[in-house]
Amino acid sequence: MFCGCLGILGHGNVAGIGQALHQNLDFPYYVARNEQGMVHTAAAFARVKNRLQTFVCTSSIGPGATNMITGAAAATINRIPVLLIPGDIFATRQVARYCSSWNPM
């Protein structure tokens, strides 16, 4: 069972997760300042709750998602359940390429 969400909303997860959290006000969201720290917090909470409850952790793309790896490794070694949702990236960075008014000639 998930008791809430710890996260840093940013590029890659605002539109999907941010909107879902905004629409479900009964599911608490806690703003974190450090990705590794929030995963360790979720793991500690799960350990205190005898592995029956935990937190969802979300971060933006890039270094934020990479910083969650250390906490994920510690949780895996100790068999502690945490759910980590890193932000997504664009399929392509060339936004103008698919614009109908773009002409390569």
If I take atom [atom1] from residue [X] and atom [atom2] from residue [Y], how far apart are they, to the nearest 0.5 angstrom?
X	Y	atom1	atom2	answer
Tyr29	Thr58	OH	OG1	7.0 Å
Tyr30	Cys5	OH	SG	10.5 Å
Gln53	Phe45	CD	CZ	5.0 Å

Are [X] and [Y] side-chain neighbours, meaning at least one heavy-atom pair lies under 4.5 Å?
X	Y	result
Arg33	Met38	no
Leu6	Thr41	yes
Val82	Phe55	no
Leu52	Met1	no
Leu83	Cys57	no
Cys3	Thr54	no

Nearest heavy-atom neighbours spanning Gly71 and Gln36: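 Scanning both residues, the minimum pair turns out to be N-CG, 4.5 Å.
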Do you know the tightest heavy-atom contact between Ala72 and Leu84?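 Scanning both residues completely, I find the closest heavy atoms to be CB-CD1, 3.4 Å.
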Heavy-atom donor-acceptor pair, Asn34 side chain to Gly37 backbone, under 3.5 Å: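 Flag set: sc Asn34 to bb Gly37 pair under 3.5 Å.
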Whether Arg79 side chain and Arg51 backbone form a donor-acceptor pair below 3.5 Å: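 Judged by distance alone, no pair lies under 3.5 Å.
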With a 4.5 Å cut-off on side-chain heavy-atom distances among I, L, V, M, F, W and Y, is there a chain of contacts connecting Ile85 to Leu21?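 The answer is yes; both residues are in one hydrophobic cluster.
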